[in-house]
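In what follows, every heavy atom counts, from backbone to side chain, and hydrogens, waters and symmetry copies are set aside.
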Amino acid sequence: MSILSILEFPDPRLRTRAEPVTRFDPKLQQFVADLFETMYLAHGVGLAATQVNVHERVLVADMSEGRNQPLALINAQILEKDGSQVYQEGCLSFPGVYADITRALSVKVKAQDVDGKQIMVEAEGPLAVCIQHEMDHLEGKVFVDYLSPLKRSLLLKRLDKQRKQAASA
Ligand code: GNR
Ligand code: NI
């Protein structure tokens, strides 16, 4: 297993659109294991391949308290969305900053597991937020794209400040 390095905003590679996975081979299994290891080490609840500079449609998530309910979705597609919710989101590519984002309350997702088997996932609440956030990364989209220009510029200033503090600590 290996820890992968996470791209940080404004790295232009975060804007890449991921391609579908076509091979469900040991290399993919290894990559998914590395994504989980990287996500858990960073204390994240989700991670998209895009964030580690791999532009294939792979995402992992674990919203459980015990950090023991890993979910890996390959080639995920949202079939249905319902309702709306506001949730305070963070992102490992924007360390230390958070913003309230409005998204669908529930999603029905068709995907494949790491062996290529078709799966359906119905998620609501925080897990639905996480899946939508990760699927955005695979499209080259990040959570701050939903903010008004004013809110975005305030958040990016806070990000800058966080980085300066982290650098001098
Ligand atoms: O660790 C993460 N926490 C989080 C909190 C609220 C909403 C979404 C997330 S996902 C984020 C990890 C990450 O950046 N995934 O892309
Ligand atoms: Ni993110």
Problem set entry | Side-chain donor-acceptor contact under 3.5 Å, Asp136 with Gln132 | no
Problem set entry | pair Ile6-Leu47: side-chain heavy atoms closer than 4.5 Å | yes
Problem set entry | Nearest non-hydrogen partners of Val21 and Asn75, listed with the distance | N-OD1, 2.8 Å
Problem set entry | Row check, Tyr146 ring normal vs Lys141 NZ/CZ: under 6.0 Å, within 45° | yes
Exercise. Looking only at heavy atoms, which two atoms of Thr38 and Leu4 are closest? And how far apart?
Worked result: OG1-N, 2.9 Å
Exercise. Arg67 versus Tyr40: any side-chain heavy-atom pair under 4.5 Å?
Worked result: yes
Problem set entry | From CA spacing to verdict: side-chain contact (heavy atoms from CB on, under 4.5 Å), His137, Leu59 | CA-CA 9 Å; His137 276 302; Leu59 69 88; over 6 Å; no
Problem set entry | Contact check, side chains of Glu134 and Gln51, non-hydrogen atoms, under 4.5 Å | yes
For this session: Answer yes or no: is there a donor N or O on one side and an acceptor on the other, between the side chain of Ser93 and the main chain of Phe9, under 3.5 Å?
Result: no
Exercise. What distance separates Gln118 CD from Lys110 NZ, expressed to the nearest 0.5 Å?
Worked result: 5.0 Å
Seminar exercise, completed: For Leu92 and Gly46 the tightest heavy-atom approach is CD1-O, 4.0 Å
Seminar exercise, completed: Looking only at heavy atoms, the pair that brings Val109 and Ile78 closest together is CG2-CG1, 4.2 Å
Exercise. Counting N and O atoms only, with roles assigned by atom type, does the side chain of Gln85 sit under 3.5 Å from a partner on the main chain of Gly125, one being a donor and the other an acceptor?
Worked result: yes
Seminar exercise, completed: Checking Arg152, Arg15, Lys151 against Asp145 for salt bridge (charged side-chain N to carboxylate O under 4.0 Å, His left out), the one that qualifies is Arg15
Problem set entry | Glu8 backbone acceptor or donor facing Asp11 side chain under 3.5 Å | no
